[in-house]
Structure formats: C-alpha cells, structure tokens
Colleague: 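Questions regarding the structure given below will be posed in turn.
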Amino acid sequence: MRIPIKSVTPETGHAEICGFVHEVRDLGGLAFFLIRDRTGILQVTIPKKKVSEAVLAAAKAVSRESVVRISGPVKAVEKAPGGRELVPETFEIISLAETPLPLDVSEKVSVELDTRLDGRFLDVRRPRVAAVFAIRSAAMHAINDYFHKEGFISITTPKIVAAATEGGTELFPIAYFDKEAYLNQSPQLFKQMMMAAGCEKVYEIGPIFRAEEHNTTKHLNEATSIDIEVSYADHIEVMRILEDVIVKTYEYVDKTCSDHLANMEITDFAVPKGPFPRLPYSEAIEIAKKKIEDPIKYGDDIGSAAERAIGAEMGGHYFVVDWPTEIRPYYAMPYENDPTICKAFDLMHPRMELSSGAQRVHNHDQLVQQIAKKGLNPESFDFYLKPFRYGMPPHAGWGLGADRLIMTMLGLSNVREAVLFPRDMHRLVP
RNA sequence: GCCCAGGUAGUGUAGUGGCCUAUCAUGAUUGCCUGUCACGCAAUCGACUCGGAUUCGAAUUCCGACCUGGGCGCCA
C-alpha cells in the first residue's frame, strides 16, 4: 500500500511510496534520491553494495522527474532531511521522464512565466506553484461554504448568449448553428432574472469572457467571476456581505494553509480587518488630484495611476462608493435625492480593483429610460426587461474577480500565476 | 486599439561592427567518489527567431515578418 510521503516518519517501519524523482545525488558507493509527492519530499538512500541488482539497475536508469514506486525499511537517521530515510528493497520505474526537461522543477535556474505556462504541468510540480492552487482551492471552498451557510442558492447560467447585452466590452463571437452568438461577459442579467424567479439570494462562480485586447498583468480574456445577487437588499447590505466574504476567506486560508504559505515563503500573511473604509467617489478624486500629475476631474474614470495613488493612501481594502450615475452601467440605481450619483461601488485592493456592484434599478420604466440614456436600444434588451414587468423585487449584487482575489491575497506579480491555464490574447494553448 | 522594450544552447543569461571557433550558471552524456542535502571533481554535448539590405566583415546596424514581455485605455 502506497502511503503519502508526509506520513513517513522515523517510526513508520516499512513504507511504499510513489512520486517523482526530484533530485539525484550520486556519491559513488552511495546515492541519494529525493522523491517528491504532493505532500512532501523523502530521501531514499542507496548503499550500492547492499541493495539488489534490480534496485541498482533501476536507480541507474531513472531520470529526474520520472515516476517511481519505491518500498523498503524506513530508518531514523539524524543527518537525513526530516530525520528519516528509506533504503529501497524495490525500485520500480513506472514512467520514465525524457531528458532534458523543458523547465527546471528543482528551481536551480529561474524560468520565465511564458516558458512556465508552456509546460504548466511541470511548473505545477514545483511546490511553490502547487501551493498557489491549493490555496486557491481552499479560498474557493471558504467562499462556497460562506454562501451555503448564509442561505444562498448556487446557480449556473449560460456562457453562450445571443446578444451583447450589457455593453461596455468586446465579446467573442462564436458560430452557433446558423445563428450569431457570443461568449458571455458576465452572469449579470441572468442573476437578476433569478430575483424575478423568487430565489432571493443566488451566487455563481464561473467563467466570464472579454474580448479586450489588453496586455497587462491583471487582465485575462477568460476569468473566473464570483457573482451574487440578493433580493430586498441595497448596496449597503451587499457591501457588508462582500467584506464578510473577503475577511472569512482570508481567515480560512490563514487557518488551514500554513504549509502552502510556507512553501511560497509567505511569512507575513495578513487577514484584512473589516469594516473596510467607504470612500465616496468625490473624495477619491480629490486624493488623486493631489497625488498624480495627469489631470483628473469629477466625472472621470479612476485610471491606473489614480488607483495606485489612492490605494497607497488607503493602505488596505476599501470601497469607492457614490459614483456618478453617468459612468456606471444602466442597471445601477441612482439615489432618489440626487440622481447624478448612484448606489454603485467598487471594492479596491491597494493594487487594483477586485469587485464592482450596485443596488439595481428594479422599476421597468426607469430601466428602459436608463438604457436609452446610455445610447442603447431597449428593444434589443427584451428578454432582460420582460422579468421586470411581472413583479421584480428590489435587489443588489456584485461580481468579484476570483483570479485577482488570489493574486492580491498571495502577492503574485501576474494574474496568470493564479490561473492554471490562462487565456490572453497571445495564449490559447495549453 | 495606442505606446515602449525585447527574441542568444533544454532553462536562465553575457555579449553595441573584426579580439565570437559566442560568456557564465544550470542541464544532458560519460567517468571518479559511502553521508549528500544548490554534493564535489574531470571530460564531452548543446544556441545567435526567420527573410532581405548595408558592409571587406553582422549575434551586434537598417527594413519587413513572426513571436514575447510590459505600460495606457477599459475592466474583474
């Protein structure tokens, strides 16, 4: 029976392990093999005069990163890593790795991200990279767990859609039999429809697609979005949920991922403290005005330079609230007492935007008016508008970028590092 | 879409017109080595993205193509 390397201790007695050959150090009469599985690395020591011919032959033939099965007695040896080593009675090469390797798994020389992504399966063998995805998995678990505990219904909505409904971004056209179709940019309209369906609290974690030709460290053409929509809630309420999700996710990672964080050499993992500051858009602009050279005025979008300047000033997660209605999508609810600003918000990490959301317009006629005001044709929104005519609860929601959440949580320099097989304008394979 | 910077062994790099038969590290192959832990030692192998131009001479200059990294805009 194979046992995980982590559970091989000086007291184990006899063990069978499977894994990759991490490193080989041949001293002549004595050879050391480091065998790695998902749980750790074990030293296998071969005193050449004392092992069988078969073991010797396999040890000589094996290459780095080959898959092997090894069994034998475990001995407590002080000078071995982890205080124990295995001396093989059997040494089976299950799958021989070709040489040379496309990238160095043992990290003796650095590798560029592009090379890493070309050979992602090898890249993820590196413990520091595997840790990113183990932590991502834990984070997603915490998020799912939070929503289930809070009574949300998990939904799945179509990624193949008929029209460019939301506006504001380029979509990927696809061939759908004899019709024109697109990959969906967000579940926005569908999750709103689920409010009309009476589900009250829904969430979806799924892919979104944007055909923008951007070339930055924080954009992808296929991203993972965490989306919620809540009936009878306003923007204040869903901001509280968002803050809660962020804090609880960090807490869960902090509590359960210490080994993975150690593999990434993260020693100062900090759980953000709620509540996050609510910074009105107008004040954000004032901060940016003082700190950046490029002119910025009320009514402008907050660009990258301004975003960084404000982030430095705030020092942690914060919300930008009370945006001008003009620069937010048509579905954002304007304030009753001042319709020039609306109940929309962005959640910011000092490095970048993580999420945006709003209380939505739930009145049909007002929505039609706002669509028209944005220069869009309400007739092409019929499937979306229809639910608003048969009883639509007031509602609010947000979308949170899962990849950016992991990127900022782990201090990764490129969002592609947080995604197993990222899609950008230059990369379609693997 | 606009702008900038790049493309040298499997990997990461040095090299700004002749001293390049191209540096260093890592790797691979072979040999030596019984306590390595980035093992050590020796030998060997392995590269200038492609096409054109300038020049006596191009990895190096110019033009084009292809590929890559990054910034902006916009966004998650």
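Source: prediction; values computed, not measured. Below, read A as the first sequence line, B as the second, and so on, with proteins coming before strands; counting in each chain starts at 1.
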Colleague: In whole Å, what separates the C1' atom of B:U23 from that of B:U13?
Modeller: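 After rounding to an integer number of Å, I get 9 Å for this pair.
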
Colleague: Have a look at A:Arg308 and say if it touches a base, only the backbone sugar-phosphate, or nothing, with a 4.0 Å heavy-atom cut-off.
Modeller: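 Since only primed, P, OP1 and OP2 atoms lie under 4.0 Å of A:Arg308, the category is sugar-phosphate.
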
Colleague: Can you tell me which residue pairs pass the salt bridge (Lys or Arg N to Asp or Glu O under 4.0 Å) test with a partner in residues 408-420 of chain A, sequence neighbours excluded?
Modeller: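 Found A:Arg116-A:Glu417, A:Arg416-A:Asp424.
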
Colleague: Base, sugar-phosphate, or nothing: which does A:Thr216 touch, judged by heavy atoms less than 4.0 Å apart?
Modeller: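 Touches a base.
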
Colleague: So what does A:Lys48 touch, heavy atoms closer than 4.0 Å: a base, only the sugar-phosphate, or nothing?
Modeller: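 A:Lys48: no heavy atom of the nucleic acid under 4.0 Å.
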
Colleague: Which residue, A:Leu354 or A:Leu30, contacts RNA chain B at a nucleotide closer to its 5' end, judged by nearest heavy atom?
Modeller: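 Per heavy-atom nearest nucleotide, the more 5' residue is A:Leu30.
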
Colleague: Write down the distance separating the C1' atoms in B:U49 and B:U60, rounded off to the nearest Å.
Modeller: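 My reading of the C1' atoms in B:U49 and B:U60 gives 15 Å.
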
Colleague: So what does A:Leu400 touch, heavy atoms closer than 4.0 Å: a base, only the sugar-phosphate, or nothing?
Modeller: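 Result for A:Leu400 = nothing.
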
Colleague: So for A:His214 and B:C75, does any side-chain atom that can act as donor or acceptor lie under 3.5 Å from a complementary atom in the base?
Modeller: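 For A:His214, whose side chain was compared with the base of B:C75, there is no donor-acceptor pair (under 3.5 Å).
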
Colleague: Once the angle between the rings of A:Phe383 and A:Phe190 is folded into 0 to 90°, is it parallel (under 30°), tilted (30 to 60°) or perpendicular (over 60°)?
Modeller: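 Tilted.
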
Colleague: Scan nucleotides 8-15 of chain B against the protein and return all N/O pairs shorter than 3.5 Å with their distances rounded to 0.1 Å.
Modeller:
from: B:G10; atom 1: O2'; to: A:Leu101; atom 2: O; distance (Å): 3.1
from: B:U11; atom 1: O2'; to: A:Ser110; atom 2: O; distance (Å): 3.3
from: B:G12; atom 1: OP1; to: A:Glu112; atom 2: N; distance (Å): 3.3
from: B:G12; atom 1: OP1; to: A:Thr115; atom 2: OG1; distance (Å): 2.7
from: B:G12; atom 1: O4'; to: A:Ser110; atom 2: O; distance (Å): 3.0
from: B:G12; atom 1: O2'; to: A:Ser110; atom 2: OG; distance (Å): 3.1
from: B:U13; atom 1: OP1; to: A:Glu112; atom 2: OE2; distance (Å): 3.4

Colleague: For A:Ala31, answer base if it contacts any base atom (sugar-phosphate contacts may also be present), sugar-phosphate if it contacts only those atoms, and nothing otherwise; contact means non-hydrogen atoms under 4.0 Å.
Modeller: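 A:Ala31: no heavy atom of the nucleic acid under 4.0 Å.
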
Colleague: Return the residues of residues 298-307 of chain A meeting this criterion: a heavy atom under 4.0 Å from some atom of RNA chain B. Order them by number, or give none.
Modeller: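 Within this stretch, A:Asp301, A:Gly303, A:Ser304, A:Glu307 sit under 4.0 Å of the strand.
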
Colleague: Would you check if the distance from the ring center of A:Phe209 to the ring center of A:Phe172 is below 6.0 Å?
Modeller: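 Not under 6.0 Å, so no.
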
Colleague: Give A:Asn215 one of three labels, base, sugar-phosphate or nothing, depending on what nucleic acid heavy atoms sit under 4.0 Å from its own.
Modeller: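 Base, at least one base atom sits under 4.0 Å.
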
Colleague: Specify whether A:Phe269 and A:Tyr250 have parallel, tilted or perpendicular ring planes, treating 30° as the upper limit for parallel and 60° as the lower limit for perpendicular.
Modeller: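 Geometry flag for A:Tyr250 against A:Phe269: parallel rings.
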
Colleague: Assess the pair A:Tyr146 and A:Tyr252: is the distance between their ring centroids shorter than 6.0 Å?
Modeller: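 No; A:Tyr252 has its ring centre 6.0 Å or more from that of A:Tyr146.
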
Colleague: Please report the distance, rounded to the nearest Å, between CZ in A:Arg64 and C1' in B:A28.
Modeller: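 After rounding, the gap between these two atoms is 10 Å.
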
Colleague: Considering only the P atoms, how many Å lie between B:C4 and B:G64, rounded to the nearest integer?
Modeller: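 The answer is 13 Å between these two P atoms.
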
Colleague: Just checking A:Glu85: base, sugar-phosphate only, or nothing, at a heavy-atom cut-off of under 4.0 Å?
Modeller: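 Base contact.
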
Colleague: Heavy-atom contacts under 4.0 Å between residues 410-428 of chain A and RNA chain B, which residues?
Modeller: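 Those residues are A:Asn414, A:His426.
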
Colleague: Show me the donor-acceptor pairs, under 3.5 Å and distance only, between side chains in residues 299-306 of chain A and residues at least two apart or in other chains.
Modeller:
from: A:Asp300; atom 1: OD1; to: A:Lys297; atom 2: NZ; distance (Å): 3.3
from: A:Asp300; atom 1: OD2; to: A:Lys297; atom 2: N; distance (Å): 2.9

Colleague: For A:Glu65, check salt bridge (Lys or Arg N to Asp or Glu O under 4.0 Å) against everything at least two apart and list the hits.
Modeller: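 Only A:Arg36, A:Arg125 meet the salt bridge (Lys or Arg N to Asp or Glu O under 4.0 Å) criterion with A:Glu65.
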
Colleague: Just call it for A:Thr224: base, sugar-phosphate, or nothing, with non-hydrogen atoms closer than 4.0 Å on any strand.
Modeller: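 No contact.
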
